[in-house]
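Reading through the structure tokens given below for one structure.
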Amino acid sequence: MKTYKIAVLPGDGIGPEIMKAAQTVLDAVSRKFNVEFNYTEADVGGVAIEKHGTALPKETVKICENSDAILFGAVGDPRYDDLPPEKKIEPVALLGLRKHFDLFANLRPSFLYPFLYRTSPLKESIVKEGFDILIVRELTSDAYFGKKVLKEDMGSDEMLYRKPEVERIAKTAFEAARKRKKYVTCVDKSNVLSSSILFRRTVTEVAKKYPDVKLDYLFIDNATTMIIKRPKDFDVMVTTNMFGDILSDEAAMLSGSLGMLPSASINEKGFGMYEPAGGSAPKMAGKNTANPIAQILSAALMLRHSFKMEKEAQAIESAVQKTLHKYRTKDIMEEGMEQVGTKEMGEKIAENIGR
Ligand code: IPM
Ligand code: MG
């Protein structure tokens with residue numbers, strides 16, 4: 001039987017609960033498809049500060065290095081809100097892992113199943129048929145990792161892109177589009193920024209190798225309005241690290257619940273880290289009310305992108321949809337449905353994977 005080693009990093013807040021639910025579903029996949037998942041847990045975030053004095057301990061990085069993929073829960077703990085910027089939980093843990101493993105391609109799907117359109121904050125006429133956007137965000141360059149200066153009276157972050165960095169993210173976007181609606185929108189600020197001029201130019205060049213994929217362009221400010229006005233018209237959107245950060249939060253909110261959306265951060269070897277779009281939601285922690293679907297769908301992305309297990313990934317995705325026709329967590333509850341907790345949602349989805 002084929003065995004996959006998964007580094008499980010539950011993290012803070014609701015992280016551990018939604019992670020358990022995802023493991024319940026993975027166990028069902030393992031039984032049905034005769035594969036083995038070998039989990040090794042490691043600390044990250046506030047729990048890691050408590051035990052090891054840092055949000056990303058060396059032991060955790062080692063465990064990740066010795067695994068085939070990282071399944072990540074959420075980090076963030078209000079007890080450590082006052083730490084100085086260089087010690088803050090989210091940047092230390094997330095940027096640390098992204099850089100260490102060169103996870104340059106961040107896939108952030110934002111979708112709305114038509115039958116869930118009432119959960120969207122947008123009006124019915126815009127979202128009644130649902131939407132399905134994939135934001136492909138560059139994740140290891142730009143202002144995040146450029147040269148930083150902070151003095152008493154000035155601060156600056158260098159917004160630098162090198163051509164190969166744009167080439168690889170563009171390639172990821174076009175390859176993804178080929179498996180979808182074959183439509184890429186390049187989002188940048190090339191009317192003002194040099195790094196964006198390079199980004200757009202390079203995306204345009206890479207596009208020549210994908211004549212079957214249509215390419216469009218939007219400036220970031222315009223893009224933020226267009227995804228509200230006509231979310232259904234978009235397929236893949238490729239963008240820089242900084243703009244992708246903002247655009248993906250906006251896109252995620254259009255679906256109504258952050259608890260539904262997974263994400264993947266992948267390197268050139270296909271190694272990846274898979275995590276829900278939402279945060280640690282400390283106020284919800286331990287209450288068995290959080291929606292585990294984002295974590296469960298993140299596990300599906302792990303199967304698809306790192307383990308090349310397409311039919312198993314689809315089995316999870318279908319089981320999620322099937323379950324939602326009857327059961328809902330609090331955040332997406334509607335009349336006529338049965339409300340269930342985090343754990344129960346995991347169990348129902350696992351049942352729907354079948355035997
Ligand atoms: C995200 C987060 C991170 C980012 C922060 C927490 C460092 O907002 O994953 O989008 O800016 O990338
Ligand atoms: Mg963000």
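All of these numbers come straight from a predicted model, not from anything done at the bench. Whatever order the structure lists ligands and atoms in, that order sets their numbers, starting from 1.
The two residues R168 and E165 come nearest to each other via the heavy atoms CG-O, 3.5 Å. In plain terms, the two heavy atoms of L303 and E312 that are nearest each other are CD1-CB, 3.9 Å.
Closer than 4.0 angstrom to ligand 1 by heavy atom are E90, L94, R98, R108, R137, Y144, D245, sorted by chain and number.
D212 pairs in a salt bridge (charged side-chain N to carboxylate O under 4.0 Å, His left out) with only one of the listed residues (R178, R180, K179), which is R178.
Hydrophobic cluster of I14: the remaining members, joined at side-chain heavy-atom separations below 4.5 Å, are I18, M284, listed by chain and number. The other members of the hydrophobic cluster of F72, by chain and number, are L9, V44, I49, L56, V61, I70, V75, Y80, L83, I89, V92, L94, L97, F101, L103, F271, M273 (side-chain heavy atoms under 4.5 Å, ILVMFWY only).
Taking a cutoff of 4.0 Å between a charged side-chain nitrogen and a carboxylate oxygen, E268 and K171 do not qualify as a salt bridge. No salt bridge links E338 with K326; every basic N to acidic carboxylate O contact stays at or beyond 4.0 Å.
The number of protein N, O or S atoms lying under 2.8 Å from the Mg ion (ligand 2) is 1.
Geometrically, K232 does not engage F131 in a cation-pi contact defined by less than 6.0 Å to the ring centre and at most 45° from the axis.
Looking at heavy atoms from C-beta onward, T225 lies in side-chain contact with N222 at the 4.5 angstrom threshold.
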